[in-house]
A.B. asks: 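Below: one structure in structure tokens.
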Amino acid sequence: FFQAEDGIRDKLVTGVQTCALPILAGVTNCGGSAESEKESADSLKNNQISTNESDSLIELKEFKFFKTIGDIPSPAHEIVAINKAGIKYNAAFPNSIDNETKYADLFKSCLNYGVYSCDLAYCASFKENSDLMKYYLTTRKMAEKAGAISVFDEITKQYSFEGNTKNPDSLEKILDNVYFAIEGFCQDQHKLDVAVKMLLGSWIESQYLTLSHLATEAKQEKQKQLQVKLWENFLHLRNILDLLKEYENHPEMNQMNASLVAYAELYKDAHGAEDFTKDRVDKMLAALTKIRSEIIQ
């Protein structure tokens with residue numbers, strides 16, 4: 001039923017072997033002096049060098065992006081761990097659907113599409129959740145703002161999202177398909193920067209939900225399962241920071257990078273899941289809440 005997921009995932013993981021954008025290969029001269037012809041040739045050569053440098057940068061960004069997304073599970077897969085740990089849904093943790101109207105510019109729209117897609121996965125992992133359709137409709141609005149509504153609708157309708165609202169396992173697979181399909185769409189449309197922002201928003205929100213539950217969960221066994229997820233996310237964070245190095249000239253992304261570099265310091269001296277003590281978790285949650293606030297406000 002969900003065989004398309006593997007196809008979409010394979011396309012993205014192998015996307016590191018991507019093609020460069022077309023390069024202007026020649027011009028037509030309509031007469032003129034030898035000097036002007038030389039100037040035209042020199043101009044073309046310089047343009048080609050500039051374009052080649054641009055293409056090389058694009059290829060590097062794509063390589064790092066697909067390496068990152070190949071290592072990071074989808075938000076739906078990550079969030080299911082909360083439910084499987086036997087932890088109850090908390091309606092106070094997801095980003096409020098009332099905030100959706102605040103996000104008008106593309107930067108905030110893409111980040112918060114990622115946030116809401118993670119919140120939708122969180123709602124979907126619990127049966128008979130009254131918030132599910134509210135977050136589905138809000139996520140759809142954010143997909144529209146980010147320019148990916150066609151893909152969102154195609155996948156959710158193809159696999160009947162509304163017909164599976166009481167089946168968490170099916171919803172997880174549907175949301176996996178949406179996640180990878182939209183990343184593929186952004187690649188095809190040469191909108192890699194859009195996909196990176198979506199990835200950032202979804203990762204930060206999944207980390208926030210994990211930390212929020214870990215900080216409030218009293219039972220040690222349930223804590224252990226979330227501590228493992230937290231430790232695994234250190235590798236994901238390192239990949240994200242490597243990817244963000246390619247956005248040093250983007251002020252908003254550069255600020256996000258600086259905030260996440262400081263957050264990564266809280267992993268210092270941690271060697272495994274058992275090192276995530278209450279004190280460390282509280283500090284991580286405080287730092288990530290600040291980063292998340294900059295996204296959702």
Side-chain angles (χ1 to χ4, degrees), residues 68 71-97 99 111-112 114-127 129 131 135 168 172 175 199-244 255-297:
T68 302
D71 290 337
I72 298 178
S74 74
H77 181 83
E78 285 286 271
I79 292 304
V80 162
I82 293 174
N83 189 348
K84 289 184 177 179
I87 294 172
K88 293 181 179 180
Y89 174 78
N90 189 325
F93 289 161
N95 185 17
S96 170
I97 58 175
N99 286 337
L111 285 172
N112 281 286
V115 169
Y116 278 124
S117 66
C118 185
D119 291 336
L120 176 58
Y122 176 62
C123 294
S125 67
F126 295 85
K127 281 186 178 180
N129 191 324
D131 290 338
Y135 276 90
E172 178 192 350
L175 294 176
L199 171 66
L200 269 176
S202 64
W203 185 86
I204 288 170
E205 187 71 352
S206 68
Q207 187 87 337
Y208 172 79
L209 292 172
T210 300
L211 282 164
S212 296
H213 277 291
L214 186 53
T216 56
E217 181 54 55
K219 294 186 178 179
Q220 189 175 13
E221 187 56 40
K222 294 178 181 179
Q223 286 181 334
K224 284 181 179 178
Q225 295 186 51
L226 296 187
Q227 286 170 325
V228 170
K229 298 303 296 182
L230 201 56
W231 173 238
E232 290 173 350
N233 268 308
F234 184 38
L235 172 61
H236 306 160
L237 176 58
R238 290 169 62 184
N239 288 338
I240 287 172
L241 291 175
D242 187 43
L243 173 62
L244 288 179
Q255 177 58 46
M256 188 72 64
N257 179 56
S259 298
L260 288 174
V261 166
Y263 175 72
E265 282 295 307
L266 296 172
Y267 274 94
K268 189 175 181 180
D269 300 326
H271 303 289
E274 66 281 358
D275 290 324
F276 292 96
T277 61
K278 184 178 186 330
D279 181 60
R280 188 191 294 267
V281 167
D282 288 344
K283 289 178 180 177
M284 293 178 75
L285 178 58
L288 198 72
T289 298
K290 184 177 179 181
I291 296 172
R292 179 180 182 261
S293 295
E294 295 172 357
I295 295 173
I296 68 173
Q297 295 304 322

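Given the structure is predicted, the values throughout are model-derived calculations rather than measurements.
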A.B. asks: Between Cys118 and Leu209, is the side-chain contact (heavy atoms from CB on, under 4.5 Å) condition met? List the steps.
C.D. replies: CA-CA 9 Å; Cys118 185; Leu209 292 172; 4.1 Å; yes
A.B. asks: Could you tell me which non-hydrogen atom of Asn95 sits nearest to which non-hydrogen atom of Asn99, and how far apart they are?
C.D. replies: OD1-ND2, 2.7 Å
A.B. asks: Apply the test side-chain contact (heavy atoms from CB on, under 4.5 Å) to residues Leu243 and Leu199: give CA-CA distance (whole Å), side-chain angles for both, the deciding distance (0.1 Å), then the verdict.
C.D. replies: CA-CA 11 Å; Leu243 173 62; Leu199 171 66; 4.3 Å; yes
A.B. asks: Got a sec, which residues hit ring-ring contact (aromatic ring centres under 6.0 Å, His included) with Phe276, two or more places apart in sequence or on another chain?
C.D. replies: Tyr267
A.B. asks: Check Ala287 against Tyr263 and note the closest heavy-atom contact, atom names and distance.
C.D. replies: CB-CD1, 4.0 Å
A.B. asks: Does Leu260 form a side-chain contact (heavy atoms from CB on, under 4.5 Å) with Ile291? I'd like the steps, not just the answer.
C.D. replies: CA-CA 8 Å; Leu260 288 174; Ile291 296 172; 4.0 Å; yes
A.B. asks: State, without any angle test, whether Tyr135 and Asn129 hold a side-chain donor-acceptor pair at a distance under 3.5 Å.
C.D. replies: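 No, Asn129 and Tyr135 have no side-chain donor paired with an acceptor closer than 3.5 Å.
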A.B. asks: Is the closest side-chain donor-acceptor distance between Asn239 and His236 under 3.5 Å?
C.D. replies: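 On atom types as modelled, these side chains do not qualify, holding no pair under 3.5 Å.
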A.B. asks: To the nearest 0.5 Å, how far apart are NZ in Lys290 and OG in Ser259?
C.D. replies: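 Here the interatomic distance stands at 7.5 Å.
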A.B. asks: Scan for salt bridge (charged side-chain N to carboxylate O under 4.0 Å, His left out) pairs involving residues 200-210, sequence neighbours excluded, and state none if there are none.
C.D. replies: Glu205-Arg292
A.B. asks: Which atom pair, heavy atoms only, marks the closest approach of Ser206 to Thr210?
C.D. replies: O-OG1, 2.9 Å
A.B. asks: Return the minimal non-hydrogen interatomic distance between Ala121 and Leu175, and the atom names on each side.
C.D. replies: CA-CD1, 3.6 Å
A.B. asks: Are Leu237 and Gln207 close enough that some pair of their side-chain heavy atoms sits under 4.5 Å apart?
C.D. replies: no
A.B. asks: What's the spacing between Leu111 CG and Ile296 CD1 if we round to 0.5 Å?
C.D. replies: 11.5 Å
A.B. asks: How close do Ala91 and Asp131 get, heavy atom to heavy atom, and via which atoms?
C.D. replies: CB-OD2, 3.7 Å
A.B. asks: Does anything in residues 215-227 pair up under side-chain hydrogen bond (donor to acceptor under 3.5 Å, both in side chains), and if so which pairs, sequence neighbours excluded?
C.D. replies: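 For residues 215-227, and leaving out neighbouring residues, there are no side-chain hydrogen bond (donor to acceptor under 3.5 Å, both in side chains) pairs at all.
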A.B. asks: For the side chain of Tyr89 and the backbone of Tyr122, is there at least one donor-acceptor N/O pair under 3.5 Å apart?
C.D. replies: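 Here the side-chain-to-backbone pair does not exist.
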A.B. asks: Got a second to check how far Phe93's CZ is from His213's NE2, nearest 0.5 Å?
C.D. replies: 5.0 Å
A.B. asks: Return the CD1 to OG distance between Ile82 and Ser125, rounded to the nearest 0.5 Å.
C.D. replies: 7.0 Å
A.B. asks: Between Asp242 and Arg238, does any NZ, NE, NH1 or NH2 come within less than 4.0 Å of an OD or OE carboxylate oxygen?
C.D. replies: no
A.B. asks: Looking only at heavy atoms, which two atoms of Ser212 and Leu285 are closest? And how far apart?
C.D. replies: OG-CD1, 3.7 Å
A.B. asks: From Arg280 CZ over to Leu214 CG, what is the distance, rounded to the nearest 0.5 angstrom?
C.D. replies: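 Here the interatomic distance stands at 12.0 Å.
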A.B. asks: Would a distance-only check, ignoring hydrogens and angles, find a side-chain to backbone donor-acceptor pair under 3.5 Å from Asn112 to Ile295?
C.D. replies: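 It does hold such a pair.
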A.B. asks: I'd like to know if the side chain of Asn233 pairs up with that of Trp203 as donor and acceptor (distance under 3.5 Å, no hydrogens or angles considered).
C.D. replies: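 On atom types as modelled, these side chains qualify, holding a pair under 3.5 Å.
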A.B. asks: Please round to the nearest 0.5 Å and tell me the distance separating atom CD1 of Ile204 and atom CD1 of Ile240.
C.D. replies: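 So the CD1 of Ile204 and the CD1 of Ile240 are separated by 7.5 Å.
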